[in-house]
Structure formats: C-alpha cells, structure tokens
Amino acid sequence: MIFLGIETSCDETAASVVKDGTIILSNVVASSQKLHIKSGGIIPEIAAREQIKCLIPVMRKSLEQCNLKIENLDCLAVTIGPGLIGSLLVGVETAKTLAYLFGKPLVPIDHLIAHFYANWLNPVPNLPQQTPSFPAIGLVASGGHSDLVLLEDHAHFRWLGGTRDDAAGEAFDKIARLLGLPYPGGPAIARLVATGATKAAELGGSHKSRVRLPRPLLNDASFDFSFSGLKTAVLREVESFKKKGEFNEAVIYELAHEVQESITDVLVKKTIRAAQKYKVKSVLLGGGVSANERLREKFRFSTDQARYTLNIPPPNLCTDNAAVVAAAAYFNFKPRSWKKIDVDPGLSLSTKRDDKSLSRTYN
Ligand code: KG4
Ligand code: ZN
C-alpha cells in the first residue's frame, strides 16, 4: 500500500511517499529555519505563511520523485497535532481537500507517535533492517516535547512521564542563545563541542570543565524531566563569568560541553530505568534531539550493557519529516472521514497523573 504523508506541525513543510510503512519512495522537507535565525526562535506567523507557499510544490516534488500521481495513492496521512495552530491548519486543510477531491482515505496522525515510526522506515533500500520488537520504551525528545512512552504494540501505549517545563530541544535552543550560538541550538552546541576541544585547550581551557551543571530529576523516581533549572544555572554561570571579564570562547565551549553532558545523562538514565521497570525488549528514539551524536553514543553503550535492542533512526529521520507520518498511518490504519478531522494543537500523550487507567488506545 502506498501512502502520502503530510507534515506541517512546526517550521518544516514536508511530504513523503512510503510503501508498506517501511520503504521510502520520496521524502521532501522544506524548512523556514533560516527565516527564524534572527529572532533566535520560531515566529509562528512566518512559519505558517511559508508553509502556505511551499506545501503544494513540496507535495508535487514528492510525487514526481517516484513518478506517481495522487490517483495512484492508496491513502493520505496528515499530522493533526501537537504543534503550531497556523502551521497545522495548512497541512490538515490541504489533506482534507485532497481526500475529498480524490476520494482517498485520510488518517489523522499524532506528531509525537509519528516520531517513533522513523524506526520502522528502512533508510537503506534492499538492506535488511532491524525492526523494533514490542514491548518497547520510546523516548521522544524534540523542540517541544520530552516524553517517555511504553509501547505495548502498534495500537497501545502508556505515557510514563514527560517534561514539567522546557523540553530537551527547547533547553538546547534557549541555552545556545545565552551562549551567543545560533538557532537551532541543539546542532549548534553539538558542533561546537565536537570541534571545540582542541580550540579550548589552545585558549587555556581544558576538556575537564570548570563548571558543573545540575542533572535535573536524574535520581527522581518519576519518569518526568525538567530542564528549565539547567537554563537558569547556565544563565548564572554566564553572568558570573561576564562579571569577572572571563566570558570567552573557552568558557562558552566548557558550558556547551557540560550542557550536552547534563541533558544526555538525564535522558539516557531515565530511559534505561523505564526499560528495566517495564522489562521491555527494545528502546526506540525519536525527535530532533535524538540526532545528537553524544546521546546516540551514550544510548549505544548503556543499551548494550543492559542488553536491550536499540533502534535509533538516521539523523534526517529524527528531525521533522513526513515519512514518519506515512509509516505511522500504515501501522495504525484508522482512516476517518475528512469531515471529522480537525487540528489539535494541544494534543498530548499524557493522561492525568491521578487517572487510574494510564493506558490509552491510539486513535
Ligand atoms: O523533532 P524536531 O525536528 O521538531 C520538533 O518537533 O520540535 O526537533 C527540533 C529540536 C530543536 O530543538 C533542535 O535544537 C533539536 O531538535 N536538535 C538537536 C540536534 N538536532 C536537532 N539537539 C541536539 N543535538 C542535535 N544534533
Ligand atoms: Zn517533531
């Protein structure tokens, strides 16, 4: 079955054609990221305006790349939330129009669940792929979310915990700004740390950081995260170094290094603890932050030690794309009439903490 996925929840405009939920026939992503660099964060209005301009050309390109027409598709799938309302509306209203005009089934998709389906996509056609086994612990760490989920099978998951304030990617982005690094902050911090070791040594800094930042909620029994305190701790360090006239490249490197260590320590430790508690077979990563090489390295090491299968998508499938939307729709094939589909910007994996039945059926 051939699915067209459409994704416009944030600053990307993406369309992808996927066969049988695993084989990527095309995967086109346009981003308005450059337009947000000056502001250091996404301006929703600008993102949505760009998506209005880009979506039709992006879908056309995606279909052309695999010599298909909308008529040839078996199904359409679109992200309905969570995300920016204006951005989501562009994708959802376009998908509904196409479903109506061409009489195609349309599957509404939760963006966060979609991130996990990067692990079912085969990035290298014709090469055998390690399909994730259930039950699995999924960590989705992105710009807007940090959630730990127990995936029992394709249709059932339990939300175990999430961020109480800033998401991991948001923390990277905000802290990068404090350090004078560009948006998006995650890749900027990762790049600086990867290339900065030698430079810092030359400038009189050392790989052993002079700063030690907190690992928020690391030893807390819950599966929640909290990264806003880390941001405040960095702000204090920046102010203190500035006061002493010592806020230089070496210090920026040391802080970036320690920030990356702190965020990755917490994400890895809590995920492994959840895997142990729920006796799962595999650990799945998803979301932009899972493109972080240090995080991937730590996960490889700790899942190997604890003997869990680890599934990490290639970096281009960690960040927002529409192939994951098509894959999620294939494995959770629950089409709904276009008349009953609407955007849900606040869509959340979480259920109330005092809710006795934490289990939720997808769709
Ligand atoms: O999943 P995503 O593309 O969009 C959302 O759904 O939010 O994630 C974007 C986030 C940004 O906060 C960005 O800084 C972070 O993912 N990110 C990274 C890396 N690449 C993207 N964070 C750390 N290291 C990276 N290599
Ligand atoms: Zn995302």
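Since the model is a prediction, treat every value here as computed from it, not as a measurement. Just so it is clear, the values below take in all heavy atoms, side chains as well, and ignore hydrogens, waters and symmetry mates. Atoms within each ligand, like the ligands themselves, are counted from 1 in listed order.
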Considering only heavy atoms, does D173 approach ligand 1 within less than 4.0 Å through its side chain, its backbone, both, or neither?
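It is the side chain that touches ligand 1; the backbone stays farther off.
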Specify the protein heavy atom at minimum distance from [atom]: its residue, its atom name, and the distance to 0.1 Å.
| atom | value |
| --- | --- |
| atom 3 (O) of ligand 1 | D320 N, 3.1 Å |
| atom 24 (N) of ligand 1 | N292 ND2, 3.0 Å |
| atom 22 (N) of ligand 1 | G186 CA, 3.2 Å |

Verify, without hydrogens or angle tests, whether [X] (side chain) and [Y] (backbone) share a donor-acceptor contact under 3.5 angstrom.
| X | Y | value |
| --- | --- | --- |
| D165 | F227 | yes |
| N311 | T131 | no |
| D110 | L112 | yes |

Are any non-hydrogen side-chain atoms of [X] and [Y] less than 4.5 angstrom apart?
| X | Y | answer |
| --- | --- | --- |
| N292 | I189 | no |
| D320 | H115 | yes |
| Y100 | K339 | no |
| I175 | L230 | yes |

Under 4.0 Å from any heavy atom of [X], which atoms of ligand 1 are there?
| X | result |
| --- | --- |
| S142 | 1 (O), 5 (C), 6 (O), 7 (O), 8 (O) |
| G169 | 12 (O) |
| A291 | 26 (N) |
| H115 | 1 (O), 6 (O) |
| F172 | 22 (N), 23 (C) |

Over 60° means perpendicular and under 30° means parallel, so classify the ring planes of Y253 and H257, tilted if in between.
tilted
What orientation do H154 and W120 show, parallel under 30°, tilted 30 to 60°, or perpendicular over 60°?
tilted
Worked verdict on T13 versus E50 for side chain to side chain contact (heavy atoms under 4.5 Å, CB included)
CA-CA 8 Å; T13 309; E50 282 305 299; 5.6 Å; no
OD1 (D320) - the Zn ion (ligand 2) - NE2 (H115) angle, nearest 10°
100°
I'd like to know if the side chain of D220 pairs up with that of S222 as donor and acceptor (distance under 3.5 Å, no hydrogens or angles considered).
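Short answer, yes.
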Any H111 heavy atom less than 4.0 Å from ligand 1
yes
Closer than 4.0 angstrom: is that true for some heavy atom of G144 and an atom of ligand 1?
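G144 counts as a contact of ligand 1 under the 4.0 Å cut-off.
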Min N/O separation [X] to ligand 1 under 3.5 Å:
| X | answer |
| --- | --- |
| G288 | yes |
| G143 | yes |
| T319 | no |
| P184 | no |

Could you confirm whether H145 has any N/O/S atom lying under 2.8 Å from the Zn ion (ligand 2)?
no
